[in-house]
Amino acid sequence: YDLINQLCADEEFLRLELHRSSVELSAGTRGILTLLELYLDLPVDKCRVLEAVLSPHIGEPTDPAGWEEITDVNILHLLRSRFAKNQLEADANFDTTMMTPDSTIDLKKHLSLFIKRMISGVEEAAAS
């Protein structure tokens, strides 16, 4: 009986921690979006596209694909299409299958590259 009560208490604690983590991830993503929108002086329609790629809406823990997987696939698609450096990179056949990542290192690299290419694209457009 005591073990079952302890397991129930642990489950409740973990559920609350998961909710807290989701709220923090959502707030952090919203902060990044706001900084990018202000720094790049994006119009409203471009802000909505950016928000679709880097969604601040974190799904339920029971969703089959998590925020990381969806965001990584969105970013990879843009990096390999609109933000490709050259035609060879754009034509490459990359697998964009959603998989649960072992760590966030790849997502961090993809996000960093995405932001760098966005900034350089806006700076090139402003210079012309």
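For residues 19-42, no pair satisfies ring-ring contact (aromatic ring centres under 6.0 Å, His included), with sequence neighbours left out. Note on residues 109-128: pairs passing ring-ring contact (aromatic ring centres under 6.0 Å, His included), not counting sequence neighbours, are F83-F114.
Cluster membership check: V53 shares its hydrophobic cluster with I119, using side-chain heavy-atom separations under 4.5 Å among Ile, Leu, Val, Met, Phe, Trp and Tyr. In terms of hydrophobic clustering, with Ile, Leu, Val, Met, Phe, Trp and Tyr side chains grouped at heavy-atom distances under 4.5 Å, L35 and V49 are assigned to different clusters.
Comment: R30 engages E51 in a salt bridge, judged by a side-chain N to carboxylate O separation of less than 4.0 angstrom. Using a 4.0 Å cut-off between charged side-chain N and carboxylate O, K109 and D106 make a salt bridge.
Note that OG of S21 is 6.0 Å distant from CD of E17, once rounded to the nearest 0.5 Å. Here CG of L36 is found 7.5 Å from CG of L42. Values are rounded to the nearest 0.5 Å. Interatomic distance, L50 CG to M118 CE, rounded to the nearest 0.5 Å: 5.0 Å. Rounding to the nearest 0.5 Å places CD1 of I115 at 12.0 Å from OG of S120.
Among V73, D72, N74, the one residue that satisfies the side-chain contact (heavy atoms from CB on, under 4.5 Å) test with I70 is N74.
Summarising the local packing, CD1 of I105 is surrounded by 12 or fewer heavy atoms from other residues, nucleotides or ligands at distances under 6.0 Å. Summarising the local packing, CZ of R20 is surrounded by more than 12 heavy atoms from other residues, nucleotides or ligands at distances under 6.0 Å.
Across every non-hydrogen atom of P56 and S26, the tightest pair is O-OG, 2.6 Å.
In this structure, L16 stands alone, with no Ile, Leu, Val, Met, Phe, Trp or Tyr side-chain heavy atom under 4.5 Å from its own, directly or through other members. Residue L14 belongs to a hydrophobic cluster whose other members are F13, with links defined by side-chain heavy atoms closer than 4.5 Å.
Within the 4.5 Å cutoff, no side-chain heavy atoms of R117 are placed close to those of L78.
By the side chain to side chain contact (heavy atoms under 4.5 Å, CB included) test, T71 pairs with L54, W67, I75, L107, sequence neighbours left out. Scored by the side chain to side chain donor-acceptor pair (under 3.5 Å) test, D10 finds Q6 as partners (sequence neighbours excluded).
Between the side chain of S112 and the backbone N or O of K108 there is no donor-acceptor pair closer than 3.5 Å. In this structure, E69 contributes its side chain and G66 its backbone to a donor-acceptor pair below 3.5 Å.
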